[in-house]
Colleague: 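I have a structure here, written as structure tokens, and I will follow up with some questions on it.
Below, chains carry the letters A, B, ... as their sequence lines are ordered, and counting in each starts from 1. The shown structure was predicted, so the numbers you read here are calculated from the model rather than taken from an experiment. The analysis underlying the following values was restricted to heavy atoms, covering all of them including side chains, and did not include hydrogens, waters or symmetry mates.
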Amino acid sequence: GDGNCVNSDPSSPALKFEVTATWNRARVATLTLPHVQCQTPIFMPVGTQGTVKGLTSQQLEEIDCPVILGNTYHLGHRPGPELLKDMGGLHKFMNWNRGLLTDSGGFQMVSLLKFAEITEEGVRFQSPHDGSMMMLTPEESMQIQNCIGADIMMALDHVVSSTTTGPIVEEAMERTLRWIDRCISGHSRPKEQNLFGIVQGGLDVDLRKRCLDGLIKRNLPGYAIGGLSGGESKDMFWRMVDVSTQHLPANKPRYLMGVGYAVDLVTCTALGVDMFDCVYPSRTARFGTALVPTGTMQLKNSEYASDYR
Amino acid sequence: MAFEVIQKDDASRARCGRLTTKHGVIETPHYLLPSLMGSPNNLTPDLLRAFNNVDGLQMALQDVVLDLESIQGLDKGVHGFIDTERPLLFTIRDPSEFIEYSVSEETCTVASKSGRYKVSPKDLVHAEQILRPDLMECISVEAPHYIVSKRVRKSVDITLKWLDECLRLEKEHGLVADGETSKLMAVIQGGTDLKCRKFSAQLSQQRNVAGFVLGSLGLGENSDQRRDVIKTVVDELPESKPRMIGGIGGPDEVLECISQGIDLFSSNYIDVVTEWGYALTFPITSSQSDGPYKINLQSKTVMRDATPILPDCQCYTCGRHTKAYLHHLFNTHEMLVSILLTIHNTWHYMKFFSVIREQMRDGTFEKWKQEFLQRISQT
């Protein structure tokens, strides 16, 4: 994070990705980011508002967690980009010295807000705090994420639910490609932060391929597979992951957003995914479910009252 | 279980001592961190290990009554069930709540996780057999300061009756051999009626118990009432056994009680302070003369404060985080702030107790106490 490039490749000065072992399409790689070096595949816990719920940063270090997520929508509101910038970025503010990844803010808006509408300009939404109409443009999303200072930042994309059909899916995909160029222009710290593009296209193989081609042309440091894990059938889910990983370049990290359960992690790693994030582990813990190698245990169940293991 | 007075203060009844239990030593005066199943609020075992001055934990009978069968199944006592080697001292009720139940001659009612639960002397001894605690408060009938006359006397009589019944049952079940001291602590009741308190204390100290609990205090009585009750009770108690008080947490009140001869404290002071978003910063040593008593982390004044709560505090939170970050966590209702703030507040409060013991061992307690009270009166 001090401006020294981690990679000699000028197209990806802040990220190095070296595959060290493969098995069919699965791969192990060394990922070098400004704040951390780690081995992929990695799972990234979600630290929404600058904290992974209930865990201290030391505890996260003790379990060797390489990267955590921050949500631009939430952080952009509280504590806000100016304060974060003044504090030296989210790393310093939280005192977390490993990897950070921020999403663009778009997804939260569409899923959390009563009124949010996507126009060519950006995401138009009603501020939940004072009711006024606001706009999040690709440029603004980049600005906020530059203030946060995460190792990886996500492009603002036009997300559509995986169960949506019709012309909007193509429209969203095309817009995502137009927006990626605005994101690239609006990104002011390419030597310290990596902008990842997000592949959209719903459940349409052709649309996905066109999006992939468009993003790959921009030669970004890494790519995410978006618009999945939202209600589509498992059959369609893995097929879209498959299409995406087949066409994404092998020498760049592939991030599958919002995934997931243990089975999905294994399947998608087999398909060539390198990075995952999900609220599942922390959320399920709050419901009393323990994750163990053999599955899950609902600890509140009476069968455990005398289970002394 | 043995209690030894190490040093007595010249100017008051304060003393420092060592309470030796099967699971370790508790240095007195000591604040027993309240815990649920041996887990202090917000402190996971790894976080608790960072403290070298947390000797014993408090647990409440009301919190385990429904789990006795499970604990019994493992047959390793509550220590084995929780997997802890720390001294565990049981109170009857949880320090964070006081519910008045109607008085019964047969049973003490506690608030279990699923509602009222009745504990008779037989039930208490049965629980003691299963739990194998280091020390356990006996059941009693509480009588806070607003309870008057006949009801107060009744609470004393029933309490003594239950104590004797418990001691008898302990012998009957082989928990305590002849001549051996019980692990039970007798509870002195009597409201603010000094005659009743004296009577309760006199009779209780005739029994072969581990120590004494000054019951029904910290429930809204004024400081004069409390002072008079404590003096009256301690007048009758032997020096050789520890005295515990519940519900007293504020540093000035704690010091007052210590000067009157109290050795153990059980309260939810840290939890309350933390819940309200306050970081304890009252100056403990003379080198910290001009800090505030506490800092309100919810206040906008700390929103951009990139310094720790206390610059010389050795706790995890002060070593790693700023007030600005804590303020943000509070503002966004994040779980982590409870943990980080609990760490600091516990550290600061336990340090307060460490310094008290240090001052007593050095023979400078009374002087330090006056300076401390002076310092905090100026915050």
Side-chain angles (χ1 to χ4, degrees), chain A residues 45-63 68 70-98 108 128-129 148 279 282-283 285-287 299-309, chain B residues 37 41-50 64 66-77 80-83 113-114 130 298 300 302-308 315-344:
Chain A
V46 179
T48 315
Q49 304 195 93
T51 155
V52 177
K53 288 201 182 344
L55 292 178
T56 66
S57 39
Q58 182 171 58
Q59 287 170 330
L60 286 169
E61 283 166 16
E62 280 165 11
I63 57 172
I68 62 179
N71 284 126
T72 298
Y73 171 71
H74 292 290
L75 293 169
H77 174 233
R78 296 181 297 198
E82 294 82 21
L83 190 149
L84 282 171
K85 188 166 177 199
D86 291 345
M87 291 285 159
L90 185 58
H91 281 95
K92 281 217 163 63
F93 186 60
M94 289 175 66
N95 201 1
W96 168 251
N97 301 308
R98 293 188 179 185
Q108 248 85 39
H129 314 293
I148 296 172
V279 294
S282 33
R283 182 170 291 169
R286 294 201 291 284
F287 287 98
L299 291 172
K300 288 184 183 177
N301 289 356
S302 54
E303 68 189 89
Y304 295 105
S306 317
D307 190 333
Y308 302 111
R309 292 170 297 168
Chain B
M37 272 307 176
N41 201 11
N42 291 317
L43 297 179
T44 48
D46 57 324
L47 297 176
L48 187 59
R49 275 194 288 274
V64 304
L66 299 177
D67 303 302
L68 287 173
E69 212 181 293
S70 289
I71 299 172
Q72 186 175 38
L74 186 60
D75 196 28
K76 288 184 178 171
F81 188 75
I82 294 172
D83 190 26
K113 280 174 281 199
S114 18
I130 293 170
Q298 295 194 77
K300 284 205 159 44
V302 299
M303 192 166 78
R304 284 167 170 272
D305 189 334
T307 63
C315 82
Y316 173 83
T317 304
C318 288
R320 259 180 118 120
H321 294 296
T322 62
K323 292 197 271 293
Y325 182 55
L326 295 169
H327 172 83
H328 162 70
L329 292 177
F330 228 100
N331 204 24
T332 50
H333 312 290
E334 280 289 342
M335 203 189 290
L336 183 59
V337 74
S338 305
I339 295 169
L340 293 175
L341 191 50
T342 296
I343 290 172
H344 168 78

Colleague: Measure A/Leu75 against the heavy atoms of chain B and call it side chain, backbone, both or neither at under 4.5 Å.
Modeller: side chain
Colleague: Look at atom CG of A/Asn301 and say whether more than 12 heavy atoms of other residues, nucleotides or ligands are closer to it than 6.0 Å.
Modeller: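 Enclosed: over 12 neighbouring heavy atoms sit under 6.0 Å from CG of A/Asn301.
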Colleague: What are the two closest heavy atoms between B/Arg304 and A/Asp86, and how far apart are they?
Modeller: NH1-OD2, 2.7 Å
Colleague: Once you round to the nearest 0.5 Å, how far does CD of A/Gln59 lie from CD1 of B/Ile339?
Modeller: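 Interatomic distance, A/Gln59 CD to B/Ile339 CD1, rounded to 0.5 Å: 6.5 Å.
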Colleague: Would the distance check show the side chain of B/His328 and the main-chain N or O of A/Gln49 forming a donor-acceptor pair, the cut-off being under 3.5 Å?
Modeller: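 Confirmed, B/His328 side chain pairs with A/Gln49 backbone.
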Colleague: Measure distances from B/Asp46 to the heavy atoms of chain A and classify the residue's part below 4.5 Å as side chain, backbone, both or neither.
Modeller: side chain
Colleague: Picking from B/Glu69, B/Met335, B/Gln72, which has the most non-hydrogen pairs under 4.5 angstrom with chain A?
Modeller: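 Counting heavy-atom pairs under 4.5 Å, the top option is B/Met335.
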Colleague: Need one label for B/Leu74: side chain, backbone, both or neither, based on atoms under 4.5 Å from any heavy atom in chain A.
Modeller: both
Colleague: Can you tell me which of B/Thr322, B/Asn331, B/Leu47 forms the most heavy-atom pairs within a distance under 4.5 Å of chain A?
Modeller: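 Result: the option with the highest number of such pairs is B/Asn331.
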Colleague: Using heavy-atom distances under 4.5 Å, tell me whether B/Thr44 contacts chain A through its side chain, its backbone, both, or neither.
Modeller: side chain
Colleague: Around atom NZ of A/Lys92, are there more than 12 heavy atoms of other residues, nucleotides or ligands at under 6.0 Å?
Modeller: no
Colleague: Does any non-hydrogen side-chain atom of B/Lys76 lie less than 4.5 Å from one of A/Tyr308?
Modeller: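 A side-chain contact is absent here, since even the closest heavy-atom pair is not under 4.5 Å.
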Colleague: A quick test of your reading: do over 12 heavy atoms of other residues, nucleotides or ligands sit less than 6.0 Å from CZ of A/Arg283?
Modeller: no
Colleague: Does any heavy atom of chain B fall under 4.5 Å from the side chain of A/Met87, the backbone, both, or neither of them?
Modeller: side chain
Colleague: Do the side chains of A/Thr56 and B/Tyr316 get nearer than 4.5 Å, heavy atoms only?
Modeller: yes
Colleague: Please confirm whether the backbone N or O of B/Thr332 pairs with a side-chain atom of A/Arg78, one donor and one acceptor, at under 3.5 Å?
Modeller: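 Not a single qualifying donor-acceptor pair exists.
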Colleague: Which bit of A/Glu62 is near chain B, if near means a heavy-atom gap under 4.5 Å: side chain, backbone, both or neither?
Modeller: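 Contact with chain B: side chain only.
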Colleague: Do you know which of A/Ser57, A/Gly88, A/Ser306 has the most heavy-atom pairs with chain B at a distance under 4.5 angstrom?
Modeller: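 Option with the greatest count: A/Ser57.
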